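Down below is the structure, laid out as structure tokens.
No experiment lies behind these values; they were computed from the predicted model shown.
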Number of protein chains: 2
Amino acid sequence: MLIVEDDAWMREALEAALHWPESRLEHAASAATGRAVIEALRGGLFPDVALVDMGLPDMHGADVIRLLAACRPATSIVVFTVQEHRDVIVKAIRAGAHGYLLKSATIVEVLDGLLAASRGGAPLTPSVARMVIEALHRPGDPELAAEIERLTTRETEVLTLLGKGVTYAEAAKLLGIALGTVQSHVKVIYEKLQVNSKAEAATIAQRMGLL
Amino acid sequence: MLIVEDDAWMREALEAALHWPESRLEHAASAATGRAVIEALRGGLFPDVALVDMGLPDMHGADVIRLLAACRPATSIVVFTVQEHRDVIVKAIRAGAHGYLLKSATIVEVLDGLLAASRGGAPLTPSVARMVIEALHRPGDPELAAEIERLTTRETEVLTLLGKGVTYAEAAKLLGIALGTVQSHVKVIYEKLQVNSKAEAATIAQRMGLL
DNA sequence: CACGTACCCCCATGTTCATGGGTGCCCGGG
DNA sequence: CCCGGGCACCCATGAACATGGGGGTACGTG
């Protein structure tokens, strides 16, 4: 059990709770910063559960989660935060979190959640669960999806067709324009998306949810 | 509230429960088959919640969900089944379900779940929630991922590179083979995946989780 | 030991892309 | 008013691709 939390009071309260006999979880380490997490992992720590606060002073929350998920794939990562906005939640889960507890929860609920996580469950409130499910329904990275707005109408149409593997000639016919024009739009799309091949553009179109 | 359930006893038990004063849900219609669902929707039914049994006699469970999700986007769809295998669960959620209740649950748990669903929550047991989250972590359609096995080792390597937008020449260098050989592998890949362009292959590689 | 199957390897040809060049339209600011 | 920037439109050419050929080695079966 690893605790990642920058607020000293909160961290110590959690540590204390873990030492209650009812907790049934073993406290192994705590970290107040991203750097401390890295050092703990370098030190050979393999926690089965990690409770992580988003909002450390030196590292973005999602990056801490990504780090933990990458270095310790067997660890169940549970987010612990005040944030209950959709984007934050979805970003955390996508980054690799397995559970999401709000700081408004009671200490007992937190312990229950951690125990569930250690047993292969996923502590989620119903409203968070709903957001996760909706994220699954709308495939595509919301970060990337925002990039769509940098494209013009025509460019978006062209990109959508590219995503399906349509050839330039077919796209031109479908849009009622010349082949050269499609090529011209593609040029701009490539610049804006920082790619230089149809295959890359197609995969990005997909991640944007432009199916 | 729409009930979709082919077993008459179960259906009637649910209907009876919905008429309890504590249920706080209004029973609007029931359907025992896929056809009956279609007719109910054609008849102008707009339920706020639908409890659907997978395993109707005339239609696949996932298809019923897809149908409901497509025709009634505002309806919260809750699956109700004995199945608790990962693939079934993930398929149902991906098809558009918002909640997943097991038939081993008590009638009160079911009513609670339906109520939560009607209020914008998502009734999931912790273990089901875990599977949903893991599905989000491993992007890609498990159906398509199975197709990977029809590809040989070399073909999979080539497809993985294609998915990143690597050029044939670069792929050849990376794999230590001739350009012509890459082209040859690509030919077979296209046949097996039923496509004929790099862009299509790349999007499929992505959906397979070959990133 | 053929024989078929499966995999990996290579070349040559026409088609499609990627990217360099352009033109005309509209609109808001100087 | 006219100038610049953004958008849509078009052409030309070398690079990359799609798909037609053709090999070779291994392995299991009649």
Side-chain angles (χ1 to χ4, degrees), chain A residues 140 143-211, chain B residues 140 143-211:
Chain A
E143 309 256 321
L144 258 179
E147 293 277 302
I148 292 182
E149 291 170 25
R150 309 192 335 115
L151 301 178
T152 70
T153 313
R154 229 27 173 180
E155 286 160 7
T156 308
E157 291 170 340
V158 171
L159 180 55
T160 304
L161 291 174
L162 289 199
K164 300 184 192 166
V166 172
T167 74
Y168 289 3
E170 290 168 338
K173 220 158 286 172
L174 288 170
L175 297 175
I177 59 184
L179 169 62
T181 308
V182 174
Q183 292 173 311
S184 163
H185 287 304
V186 169
K187 243 185 303 183
V188 181
I189 294 171
Y190 285 6
E191 273 174 28
K192 291 184 179 172
L193 300 185
Q194 307 267 19
V195 300
N196 52 6
S197 81
K198 212 178 149 183
E200 288 174 282
T203 61
I204 289 193
Q206 178 132 348
R207 282 208 288 269
M208 281 179 165
L210 275 186
L211 291 204
Chain B
E143 310 255 319
L144 258 177
E147 292 278 302
I148 291 181
E149 292 170 24
R150 308 193 334 114
L151 300 178
T152 69
T153 313
R154 229 23 174 184
E155 286 159 7
T156 307
E157 290 170 342
V158 172
L159 180 56
T160 304
L161 292 174
L162 288 199
K164 300 184 190 166
V166 171
T167 196
Y168 287 5
E170 290 168 337
K173 220 157 288 175
L174 287 171
L175 297 175
I177 58 183
L179 169 63
T181 307
V182 173
Q183 293 174 311
S184 164
H185 287 304
V186 169
K187 244 185 301 183
V188 180
I189 293 171
Y190 284 6
E191 273 174 29
K192 290 184 179 173
L193 300 185
Q194 306 266 22
V195 300
N196 51 7
S197 81
K198 209 176 153 183
E200 289 174 280
T203 62
I204 289 193
Q206 179 132 353
R207 283 209 286 269
M208 281 179 165
L210 275 186
L211 293 201

Determine yes or no for a side-chain-to-main-chain donor-acceptor pair under 3.5 angstrom, with B/Y168 supplying the side chain and B/L162 the backbone. no
Using whole Å, what does the distance between atom [atom2] of nucleotide [N] and atom [atom1] of [X] come to?
| X | N | atom1 | atom2 | answer |
| --- | --- | --- | --- | --- |
| A/I189 | C/dC17 | CD1 | P | 13 Å |
| B/E157 | C/dC7 | CD | C1' | 13 Å |
| A/N196 | C/dT19 | CG | C1' | 10 Å |
| B/Q183 | C/dC7 | CD | C1' | 18 Å |
| B/E149 | C/dC7 | CD | P | 13 Å |
| B/E170 | C/dA18 | CD | P | 13 Å |
| B/R150 | C/dC7 | CZ | P | 11 Å |
| A/Y190 | C/dA18 | OH | C1' | 7 Å |

Does the side chain of B/E170 come under 3.5 Å of the side chain of B/T167 through a donor N or O and an acceptor N or O? no
Which pair of non-hydrogen atoms, one from A/A205 and one from A/G163, has the smallest distance, and what is that distance? CB-CA, 4.2 Å
Using heavy atoms to find the nearest nucleotide of DNA chain C for A/L179 and A/K187 separately, return the residue whose nucleotide is more 5′.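 The 5'-side residue here is A/L179.
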Are B/L161 and B/E157 packed together at the side-chain level, in the sense that at least one heavy-atom pair is separated by less than 4.5 angstrom?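 Of all side-chain heavy-atom pairs linking B/E157 with B/L161, none is under 4.5 Å.
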Indicate yes or no: at least one non-hydrogen side-chain atom of A/I204 is less than 4.5 angstrom from one of A/Q194. no
Can you tell me how far OG1 of A/T152 sits from NZ of A/K192, rounded to the nearest 0.5 angstrom? 5.5 Å
Rounded to the nearest 0.5 Å, how far does CD1 of B/I177 lie from CZ of B/R154? 5.0 Å
Between the base of C/dC8 and the side chain of B/T181, is one N or O donor paired with an acceptor at under 3.5 angstrom? no
Any donor-acceptor pair under 3.5 Å joining the side chain of B/S184 to the base of C/dC10? yes
Nearest-nucleotide comparison on DNA chain D, the residue closer to the 5′ end among A/A178 and A/K192: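 Result: A/K192.
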Between B/R154 and C/dA6, does any side-chain N or O lie under 4.0 Å from OP1 or OP2? no
Outermost nucleotides of DNA chain D that come under 4.0 Å of a non-hydrogen atom of chain B: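 Footprint of chain B along DNA chain D, 5' to 3': D/dA16 to D/dG21.
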